[in-house]
Amino acid sequence: MSLQDTLSNYVKQAVNADFNINLETVEFQATRKEFAGDITVVIFPMLRFIKGNPVQIGETIGSYLVNNVTEVKSFNVVKGFLNVEISDAYYLNFFNGIKNDSAFGFVSPKADEKAVMVEYSSPNTNKPLHLGHVRNNLLGYSVAEILKASGKKVYKTQIINDRGIHICKSMLAWEKFGSGETPESTGLKGDKLVGNYYVKFDQEYKKEIQNLIAAGSTEEDAKKNAPLLLEAQNMLLKWEAGDKDTVALWTKMNGWVYDGFAESYKNLGVDFDTLYYESNTYLLGKEFVAEGLKSGVFVKEEDGSVWCDLTEDGLDKKIVLRADGTAVYMTQDIGTAIQRIKDYPDVGGMVYTVGNEQDYHFQVLFLILKKLGFDWAKNLYHLSYGMVDLPSGKMKSREGTVVDADDLIDDMAATAEEISEELGKLDGYSTQEKKELYKTIGLGALKYYILKVDPKKRILFDPKESIDFQGNTGPFIQYTYARIQSILRKGNLNPDVAINATQTALHPKEKELIKQIQLFPEVIQNAANNHSPALIANYTYDLVKEFNSFYQNVSILGADNDTEKMLRVQLSQVVANTIKNSFSLLGVHVPERM
RNA sequence: GGGCUCUUAGCUCAGCUGGAUAGAGCACCUCCCUUCUAAGGAGGCGGUCACAGGUUCGAAUCCUGUAGGGCUCACCA
């Protein structure tokens with residue numbers, strides 16, 4: 001039983017004994033720094049049941065606690081707040097109990113519980129990844145890891161958007177203007193090469209539009225009738241008809257892109273358990289549209305298009321199949337969801353990591369799946385996140401105003417190198433070791449910068465102002481970890497020596513640290529429930545701040561006696577381990593030195 | 001126009017299901033390396049929590065309205 005539960009019971013007992021009233025709940029909060037005590041009972045809510053002066057009630061309950069609960073050392077009452085001080089022995093017992101648990105806070109998956117599928121990344125295969133995708137990937141990966149740590153079995157997946165008119169555009173441009181260029185011949189990453197032709201298409205298309213307008217066409221007509229667009233549309237038809245050459249070109253160019261993506265994913269440190277391709281699942285959705293027509297969930301219009309009427313649910317009518325019978329986005333998403341549950345029967349819910357511009361889409365998708373009668377539809381969650389904007393506004397691939405993912409990662413590592421070189425603490429590290437360290441630090445800065453912000457909020461990224469390495473940053477936390485490693489190398493840690501709980505007095509800084517460590521399991525559950533890596537990041541930052549204050553104010557290796565020293569070294573070790581574990585949930589590595 | 005969402009210090013962000021004098025980092029100003037890594041620590045400056053009402057013992061937090069920003073309402077994805 002947790003301390004809070006124990007106290008809660010005793011508070012209820014006290015109220016029953018002294019006021020003859022049965023309380024339903026007791027409200028707690030951490031005691032604020034400026035007051036003595038560790039945990040605070042808020043008296044105000046009790047006033048609805050107990051008539052009286054809150055200070056007196058607090059005094060009465062406080063006395064009861066001191067007399068009846070061994071863990072309670074003393075108390076004080078300020079206004080309606082009963083501040084309770086907990087004995088050092090309690091914290092030391094707790095610490096002795098968890099200090100050798102290298103996975104403290106993590107819950108192993110239960111066999112009988114349903115798994116969760118987390119979808120993230122899901123890029124189009126016609127342009128390289130940019131900062132927006134980076135946020136998506138980091139969020140999805142981190143939430144998946146957090147869910148795992150909270151006790152869920154998790155599958156990571158993505159839907160690869162590999163078909164459609166936009167893909168044909170880059171194919172066509174490459175065919176017309178590419179003169180046989182390949183990643184090998186140019187030395188370009190495959191996704192970059194293909195992305196260039198997507199841009200090229202747009203440029204040439206715009207030229208054609210201008211020419212048509214000059215020749216007397218209206219802008220609207222010009223946009224519709226530009227020869228390049230017609231060719232691209234024709235190419236899509238050929239692709240859908242299975243034309244050999246078109247499919248071969250499609251396969252080749254997508255292959256380039258996948259190779260490029262694989263490299264970026266590796267750079268970012270994200271991974272997937274299973275992949276879905278839109279070209280494989282888009283037909284599937286149609287089957288279920290037919291089913292839904294039979295069961296009356298959908299309605300067919302005179303022109304042949306199929307709709308779902310959601311007006312009774314406060315939404316609009318939504319198209320699920322075009323008049324010509326081809327699939328729309330919604331059709332595919334219906335099919336993909338169903339396919340996934342078929343493939344993984346142990347999955348009981350899914351998380352979709354997709355930007356908040358698609359809030360409405362997912363609201364509709366989930367509702368349709370419910371209407372189709374799938375019971376797992378109630379466990380679908382849209383992990384909706386805010387856009388990453390530049391000071392100039394939105395990032396647009398076709399206009400070249402994007403922050404490229406690979407470049408950004410390289411830049412971060414370069415900054416880490418500059419700072420490290422300047423500080424010069426890496427004597428004895430090989431060039432290779434240094435290079436890896438710079439990447440660890442650079443990625444740490446980038447990932448933490450993005451993940452510490454509430455997913456729902458939009459991020460403004462100014463490429464001119466580089467990401468910080470000081471203060472509330474990834475490198476600051478990594479630095480603390482490295483510092484502790486240095487102590488552990490010198491400290492002769494013996495993790496098995498138990499600290500005598502009843503005969504050891506805790507330094508206030510030590511107690512604060514143990515209290516902070518104690519929060520970790522709850523933070524993981526909270527982060528999982530809220531799908532928020534930011535909660536993990538903020539927790540870690542608080543822990544690290546607490547440790548640095550301890551480190552600066554208390555001598556660890558120079559402690560007065562061996563017990564004291566052992567406690568402090570062990571405590572440092574547990575803090576380091578917690579940093580390592582919490583950072584692993586963010587996908588950030590920690591260095592031995594820096 | 002309808003729907004969703006956001007607005008907290010000069011800047012970037014915390015603030016758990018309503019609770020004590022709203023907290024961090026950056027920036028700016030002081031101090032602290034003959035002691036375990038100064039990417040650090042101790043302190044200072046800085047706020048009408050967009051605005052106006054309401055709910056109650058108590059509101060940054062809940063409700064309503066106003067202003068400003070974002071997203072969305074496609075046989076695009």
Side-chain angles (χ1 to χ4, degrees), chain A residues 25 27 29-35 40 42-45 47-48 54 78-81 83 122 124 161 164-166 278 301 303-307 314-316 318-330 332-333 355-361 363-364 384 386-387 389 394 416 419-420 422-423 425 441 445 449 452-454 456-460 462 465 467-480 482-491 522-523 526 530 534-535 537-538 541-542 544-545 547-559 568-569 572 593-594:
Chain A
T25 54
E27 195 175 319
Q29 65 188 46
T31 304
R32 296 180 64 116
K33 283 252 161 65
E34 57 266 39
F35 301 102
T40 295
V42 188
I43 302 298
F44 295 111
L47 296 179
R48 294 175 55 188
V78 182
K79 295 190 218 171
F81 299 92
N83 301 319
S122 305
N124 288 342
N161 198 308
I165 188 73
H166 50 290
E278 197 184 293
E301 294 288 312
D303 64 359
S305 59
V306 179
W307 296 75
L315 303 174
D316 296 328
K318 194 76 189 175
I319 188 158
V320 291
L321 207 61
R322 291 191 189 104
D324 63 3
T326 55
V328 292
Y329 186 38
M330 191 60 76
Q332 296 154 183
D333 273 7
N356 64 10
E357 57 200 347
Q358 296 193 37
D359 284 354
Y360 185 71
H361 172 79
Q363 209 183 334
V364 170
S384 163
M387 297 288 101
D389 290 328
K394 243 186 142 166
I419 295 172
S420 297
E422 210 173 294
L423 296 173
K425 297 185 200 171
I441 299 171
Y449 175 82
K452 77 171 179 184
V453 182
D454 185 323
K456 289 190 189 67
K457 296 199 174 178
R458 80 184 189 119
I459 291 181
L460 188 72
D462 190 344
E465 287 177 34
I467 293 173
D468 255 313
F469 283 64
Q470 276 165 11
N472 187 357
T473 67
F476 164 68
I477 292 165
Q478 290 172 319
Y479 173 71
T480 303
R483 241 181 179 180
I484 295 174
Q485 296 316 302
S486 171
I487 289 173
L488 297 180
R489 283 192 289 269
K490 298 171 186 168
E522 188 185 323
V523 169
N526 207 359
N530 290 294
L535 297 178
N538 289 331
Y541 177 62
D542 288 340
V544 162
K545 250 196 325 183
F547 180 83
N548 279 328
S549 178
F550 163 73
Y551 175 93
Q552 211 84 217
N553 288 289
V554 176
S555 181
I556 297 166
L557 299 179
R568 289 176 186 172
V569 173
S572 303
R593 287 174 58 183
M594 71 184 271

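Residue numbers start from 1 in every chain, and the chains themselves are labelled A, B, ... in the order their sequence lines are given, proteins ahead of strands.
Residue A:Asn553 has its side chain nearest to B:A42 when only B:A38, B:A42, B:A77 are considered. Closest to the side chain of A:Ser549, out of B:A39, B:C71, B:G41, is B:G41. Nearest to the side chain of A:Tyr479, among B:A42, B:A14, B:A38, sits B:A38.
Aromatic ring orientation, A:His361 versus A:Tyr329: parallel (interplanar angle below 30°, classes split at 30° and 60°).
Every residue two or more places apart in sequence or in another chain was checked for a side chain to side chain donor-acceptor pair (under 3.5 Å) with A:Glu422, and none qualifies. Checked against side-chain contact (heavy atoms from CB on, under 4.5 Å), A:Val453 has the following partners two or more places apart in sequence or in another chain: A:Arg135, A:Lys457, A:Ile459. The side chain to side chain donor-acceptor pair (under 3.5 Å) search around A:Thr473 returns none, not counting sequence neighbours.
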Report, one line per pair, each donor and acceptor closer than 3.5 Å where one atom sits in a side chain of residues 483-490 of chain A; sequence neighbours left out.
residue, atom, partner, partner atom, Å
A:Arg483, NH1, A:Asn548, OD1, 2.8
A:Gln485, NE2, A:Tyr481, OH, 3.4

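Across the C1' atoms, B:A39 and B:U61 are found 35 Å apart, a figure rounded to whole Å. Spacing of C1' atoms, B:G1 relative to B:U21, comes out at 46 Å, to the nearest Å. Atom P of B:U12 sits at a distance of 15 Å from the matching atom of B:A27, rounded to the whole Å. For the C1' atoms, the distance linking B:U8 with B:A59 amounts to 14 Å, nearest Å.
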Checklist entry - Where along nucleotides 17-28 of chain B does protein come under 4.0 Å, by heavy atom, of base (B) or sugar-phosphate alone (S), with - for untouched nucleotides? => result --BBS-SSSS--
Checklist outcome for this item: Once base and sugar-phosphate atoms are separated, protein heavy atoms under 4.0 Å mark nucleotides 2-11 of chain B, 5' to 3', with B, S and - as -----S----
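Among the protein residues, A:Ala482 comes within range of the nucleic acid bases, having at least one heavy atom under 4.0 Å from a base atom. Among the heavy atoms of the strands lying under 4.0 Å from A:Ile319 is at least one base atom, whether or not backbone atoms are also near. At the heavy-atom level, A:Arg593 lies under 4.0 Å from base atoms of the strands shown. Using a 4.0 Å heavy-atom distance criterion, A:Ile441 is classed as a base contact.
Aromatic pair A:Phe547/A:Phe550: centroids less than 6.0 angstrom apart.
The shortest distance between the side-chain N/O atoms of A:Arg483 and the OP1/OP2 oxygens of B:A38 is below 4.0 Å. Here A:Tyr551 reaches the OP1 or OP2 of B:A38: one of its side-chain N or O atoms lies under 4.0 Å away.
Of the residues listed (A:Thr40, A:Thr31, A:Ile43), the one engaging A:Phe81 in a side-chain contact (heavy atoms from CB on, under 4.5 Å) is A:Thr40, and it is the only one. Just one of A:Asp468, A:Asn472, A:Ile467 meets the side-chain contact (heavy atoms from CB on, under 4.5 Å) condition when paired with A:Tyr449; it is A:Ile467.
Distance, A:His361 NE2 to B:U72 P: 13 Å, rounded to whole Å. Rounded to an integer number of Å, the gap from A:Gln478 CD to B:U37 C1' is 15 Å.
Mapping A:Asp389 and A:Gln332 onto RNA chain B by nearest heavy atom places A:Asp389 at the nucleotide closer to the 5' end. For the pair A:Ser555 and A:Asn161, both in contact range of RNA chain B, the more 5′-proximal nearest nucleotide belongs to A:Ser555.
Applying the 90° cutoff around 0 to the glycosidic angle, B:C11 is assigned anti.
Remark: B:A38 base-pairs with no nucleotide; criterion is Watson-Crick or G-U wobble with both hydrogen-bond distances under 3.5 Å.
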